[in-house]
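The structure appears below as structure tokens.
Here is how names work: the chains are called A, B, and so on, in the same order as the sequence lines, proteins then strands, and each is numbered from 1.
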Amino acid sequence: SAVISQKPSRDICQRGTSLTIQCQVDSQVTMMFWYRQQPGQSLTLIATANQGSEATYESGFVIDKFPISRPNLTFSTLTVSNMSPEDSSIYLCSVEDGEGTKNIQYFGAGTRLSVL
Amino acid sequence: QQPVQSPQAVILREGEDAVINCSSSKALYSVHWYRQKHGEAPVFLMILLKGGEQKGHDKISASFNEKKQQSSLYLTASQLSYSGTYFCGTEIESNDYKLSFGAGTTVTVRA
């Protein structure tokens, strides 16, 4: 299974600023995903990022707020723009690294973001 | 649409068994089970494809009833290491690789 590294692991930011989160994978993968997890709650998909195409956003998430880059098959970034306290959350990336018809996602450890 | 998980929480003593349920209102292609410990990444446990198969991972197993769009995770002879929050993730028939996760079930195993 793929090994995923996320940076930073945590950050405290001021409202109105932006933070870019990096996701690095140790092997080439086609599909990467970005999730948000409020403390103690479930995982909510923000967007799907495939190399060579525009990211696909889920309902309630927009590119201006969460721009995503996917420059190659091992790396992606998520930017949280113009932050407010409501953006305080854990942001996780995952990659699809399944076998045949089994679409298995593996997760990074997440970035814990606090906005003051 | 988010699958429904039950129970919300369960407390066990070592050696006891538990069942976690996950149900969907939509036809499913697959069900995925993850365990997450506090402050850590969700860890993949197993995937079940439609076909009613039952999978196992050590003393943790799961089943998938595709007619009812329900899956159950069975924790047998629980160990302290089983503590954590269990999430089911569902993938719908369109097979677009996207997972919808349930709200989670917090399992606490005590000595």
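- Using modelled atom types, one side-chain atom of Thr105(B) and one backbone atom of Pro7(B) make a donor-acceptor pair closer than 3.5 Å.
- Of all heavy-atom pairs between Ala111(B) and Arg13(B), the closest is O-NH1, 3.3 Å.
- Using modelled atom types and a 3.5 Å distance limit, the side chains of Thr76(B) and Asp17(B) yield no donor-acceptor pair.
- Ring geometry for Tyr35(A) against Phe33(A) counts as tilted: the plane angle lies between 30° and 60°, on a 0 to 90° scale.
- Between atom CG of residue Leu80(B) and atom OG1 of residue Thr108(B) there is a gap of 11.0 Å, rounded to the nearest 0.5 Å.
- Just one residue in the list Ile20(B), Asn65(B), Thr90(B), Leu48(B) forms a side chain to side chain contact (heavy atoms under 4.5 Å, CB included) with Ser71(B), and that residue is Leu48(B).
- Remark: Lys37(B) NZ is packed, more than 12 non-hydrogen atoms of other residues, nucleotides or ligands lying under 6.0 Å away.
- Between Thr85(B) and Gly104(B), the shortest heavy-atom distance links the atoms CG2-CA, 4.0 Å.
- With a threshold of 4.5 angstrom between heavy atoms, Gln5(B) does not approach chain A through any atom at all.
- Listed here is the closest heavy atom pair of Ile47(B) and Phe44(B): N-CZ, 3.5 Å.
- At a heavy-atom separation below 4.5 angstrom, chain B is approached by no residue within residues 2-28 of chain A.
- Per-residue counts of heavy-atom pairs under 4.5 Å with chain A were compared for Ser100(B), Gly102(B), Pro42(B), Ala103(B); the largest is that of Pro42(B).
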### Message
side chain to side chain contact (heavy atoms under 4.5 Å, CB included), that's the test. Do Arg35(B) and Tyr82(B) meet it? Break it down for me.
### Response
CA-CA 8 Å; Arg35(B) 178 172 62 210; Tyr82(B) 287 4; 3.8 Å; yes
### Message
For Leu49(B) and Tyr29(B): C-alpha separation, side-chain torsions, deciding distance, then whether side chain to side chain contact (heavy atoms under 4.5 Å, CB included) applies.
### Response
CA-CA 6 Å; Leu49(B) 303 180; Tyr29(B) 172 74; 4.2 Å; yes
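- Residues Cys22(B) and Pro3(B) approach most closely at SG-CB, 3.8 Å, considering heavy atoms.
- When all heavy atoms are compared, the tightest approach of Gln37(A) to Phe87(B) is NE2-CZ, 3.7 Å.
- For residues 105-116 of chain A, a heavy-atom distance under 4.5 Å to chain B picks out Gln105(A), Tyr106(A), Phe107(A), Gly108(A), Ala109(A), Arg112(A), given by residue number.
- Annotation: residues 80-97 of chain A contacts chain B through Leu92(A), Glu96(A) [non-hydrogen atoms, separation under 4.5 Å].
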### Task
Evaluate side chain to side chain contact (heavy atoms under 4.5 Å, CB included) for Met32(A) paired with Trp34(A), printing each intermediate quantity in order.
CA-CA 7 Å; Met32(A) 297 181 76; Trp34(A) 287 97; 5.6 Å; no
### Task
Tell me, with the steps shown, if Gln79(B) and Val109(B) meet side chain to side chain contact (heavy atoms under 4.5 Å, CB included).
CA-CA 7 Å; Gln79(B) 306 168 15; Val109(B) 182; 5.9 Å; no
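- In this structure, Ala62(B) and Leu73(B) approach most closely via the heavy-atom pair CB-CD1, 3.9 Å.
- Both Leu45(B) and Leu28(B) belong to a common hydrophobic cluster when Ile, Leu, Val, Met, Phe, Trp and Tyr are linked at side-chain heavy-atom distances under 4.5 angstrom.
- Using a 4.5 Å cut-off between non-hydrogen atoms, the part of residues 45-77 of chain A that approaches chain B consists of Leu45(A), Thr48(A), Glu58(A).
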